[in-house]
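See structure below.
From a predicted model like this one, the values you see are computed outputs, not experimental measurements. As the structure lists them, so they are numbered: ligands from 1, and atoms in each ligand from 1.
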Amino acid sequence: MTTAQAPRGLLNRRLAGFGTTIFAEMSALAAQTGAINLGQGFPDTDGPEQVREAAVRALRDGRGNQYPPGPGVPELRVAIAAHQQRWYGLSHDPDTEVLVTAGATEAIAATLLALLEPGDEVIALEPYYDSYAACIAMAGGVRVPVTLRPNEGGFRLDTDELRAAVTDRTRLLLVNTPHNPTGTVLDRAELTAIAELAVERDLLVVTDEVYEHLVFDGVRHQPLAALPGMRERTVTIGSAGKTFSFTGWKVGWVTAAPRLLMAVRSAKQFLTYVSSGPFQYAVAEALALPDSYFEALREDMRAKRDLLAAGLSQAGFEVFRSAGTYFVTTDIRPLGETDGFAFCRALPARAGVVAIPNAVFYDDREAGAPFVRFAFCKRTAVLEEAVRRLTALT
Ligand code: PMP
Ligand code: GLN
């Protein structure tokens, strides 16, 4: 496993210490060892054939092969606005309130680069997705983690702790629901507390909702932007990667009120300017798929979650309830292990499986040490084989 470090004194202070992303490291380890990759979150089957064909058609018809418009092709911006209306009753002007980005990753980067002044504090739910920390750092911001803690079988937000973390220097709350890596879906009370706090302290809210269609057990995703007082202060981030199982296409988006959208666009135009031309047309078609598509995706992923969660439990892990996303988080202490890093490094040799140590998503590495994340967005036979291998651990 490589922990590539840039040469001493070359990489600037803001990025020093971030090393190689854990996803690249762990996927490389899987490739090297031939282990089953339940690390990096990507499906091992592509999305709908008709969506793939739509991309081929766009490419052949010469749509998007040259620079598309900076904010994204109109067809896609209209489709994104229609999607927010259809699922959440949120209305957005496709011209002034929708921006297409190079995946959610660029949306996160552009948003933080646009909105933060050096020294501004950003409150992020911990464990946090790795790019949040790097982008806050690149923008010169200060990360203030508020930790989700094991509670009633899952990981929950302590809203008093969140409130206590706000200072006069807090600029924005960076939220992620459904949450990677815990699988937590923030409930109405948690979301309301976030919204009330944002209004009371006049904070911006950036909410990463890329797993919006992967919420299980009859619960529906609730976008923060739909809560009272939030429409004007919220930047919502989405992505086609998870919803349509084409993570390599890197089509993401931002929806926000015009003044916020304009700010994000100012930064985005100097990052990639534009990307994914033909894929934008295909995603526009995908967003209009019937409800049955979204239901089938959710149901398929729910069954996979159940399979892997039950298998991990049988193999001796403590398994936290995953209410959404591609992921289930476990505690390895029942296996007599305490260090998730060491455990994940050894796992390919011990069991032929790759997983992600949640500690990388914590400032307080000790707090995250015993937690390990497994991805269930894989074929049933692959999950079954992984479970078989993991069961042999004990
Ligand atoms: N946010 C979260 C929470 C994610 O898990 C991911 C990656 N899967 C992203 C953002 C990045 O999404 P994209 O691939 O669209 O850049
Ligand atoms: N979001 C994916 C995960 O959490 C990884 C994406 C990436 O490699 N940056 O596994």
Side-chain angles (χ1 to χ4, degrees), residues 18-31 37-44 47 72 76 80 99-112 124-136 148 155 174-186 206-215 221 223-224 235-255 268 271-272 275-276 279-280 283 286-287 301 308 322-329 344 354-361 368 371-378:
F18 284 103
T20 302
T21 94
I22 194 70
F23 308 116
E25 258 178 57
M26 288 301 176
S27 282
L29 187 61
N37 189 357
L38 303 187
Q40 193 176 28
F42 62 90
D44 60 356
L76 179 53
I80 291 165
L99 175 68
V100 177
T101 56
T105 305
E106 190 196 30
I108 292 159
T111 301
L112 295 173
L125 306 184
E126 182 184 67
Y128 43 75
Y129 183 56
D130 67 345
S131 87
Y132 301 170
C135 290
I136 293 168
L148 303 182
F155 281 81
L174 178 48
V175 181
N176 171 215
T177 183
H179 183 259
N180 178 7
T182 62
T184 295
V185 172
L186 295 178
V206 177
T207 174
D208 177 343
E209 303 184 357
V210 300
Y211 297 102
E212 63 193 307
H213 288 290
L214 295 172
V215 178
H221 173 68
L224 259 171
V235 174
T236 303
I237 294 172
S239 173
K242 325 292 159 171
T243 299
F244 302 110
S245 304
F246 288 114
T247 59
W249 286 10
K250 297 297 284 190
V251 177
W253 52 82
V254 171
T255 50
K268 183 263 185 302
L271 294 175
T272 56
S275 62
S276 310
F279 297 125
Q280 291 194 26
V283 171
L287 284 166
M301 215 56 82
L308 186 61
S322 167
T325 74
Y326 280 163
F327 310 113
V328 60
T329 283
C344 288
V354 162
I356 299 284
N358 285 19
V360 296
F361 308 126
F371 304 125
V372 168
R373 185 193 88 174
F374 291 85
F376 48 76
C377 48
K378 307 293 173 181

Heavy-atom nearest neighbour in the protein, as seen from atom 14 (O) of ligand 1, with distance rounded to 0.1 Å: Lys250 NZ, 3.4 Å
Identity and separation of the nearest protein heavy atom to atom 15 (O) of ligand 1: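 Going by distance alone, atom 15 (O) of ligand 1 is nearest to Ser239 OG, 2.6 Å.
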4.0 Å heavy-atom contact, Phe327 with ligand 2: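 So Phe327 counts as touching ligand 2.
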Close approach of Asn180 to ligand 2, heavy atoms, under 4.0 angstrom: yes
Subset of ligand 1 atoms that lie under 4.0 Å from at least one heavy atom of [X]:
{"X": "Lys242", "answer": "6 (C), 7 (C), 8 (N)"}
{"X": "Tyr211", "answer": "3 (C), 4 (C), 5 (O), 8 (N)"}
{"X": "Val210", "answer": "1 (N), 2 (C), 4 (C)"}

Geometric cation-pi criterion, Lys378 with Phe42: 6.0 Å, 45°: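 Satisfied, under 6.0 Å and within 45°.
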Tell me whether [X] has any N or O atom under 3.5 angstrom from an N or O of ligand 1.
{"X": "Asn176", "answer": "no"}
{"X": "Asp208", "answer": "yes"}
{"X": "Tyr132", "answer": "no"}
{"X": "Thr105", "answer": "yes"}

Between [X] and ligand 1, which part of the residue brings a heavy atom under 4.0 Å of the ligand: side chain, backbone, both or neither?
{"X": "Ala104", "value": "both"}
{"X": "Glu106", "value": "neither"}
{"X": "Ile237", "value": "neither"}

Enumerated ligand 2 atoms positioned under 4.0 Å from heavy atoms of Lys242: 1 (N)
Per-atom contacts of ligand 2 with Gln40, taking only distances under 4.0 Å to non-hydrogen atoms: 5 (C), 7 (C), 8 (O), 10 (O)
Backbone or side-chain N or O of Gly41 under 3.5 Å from ligand 2 N or O: yes
Close N or O approach (Tyr129, ligand 2; < 3.5 Å): yes
Region of Met26 engaging ligand 2 - heavy atom pairs below 4.0 Å: neither
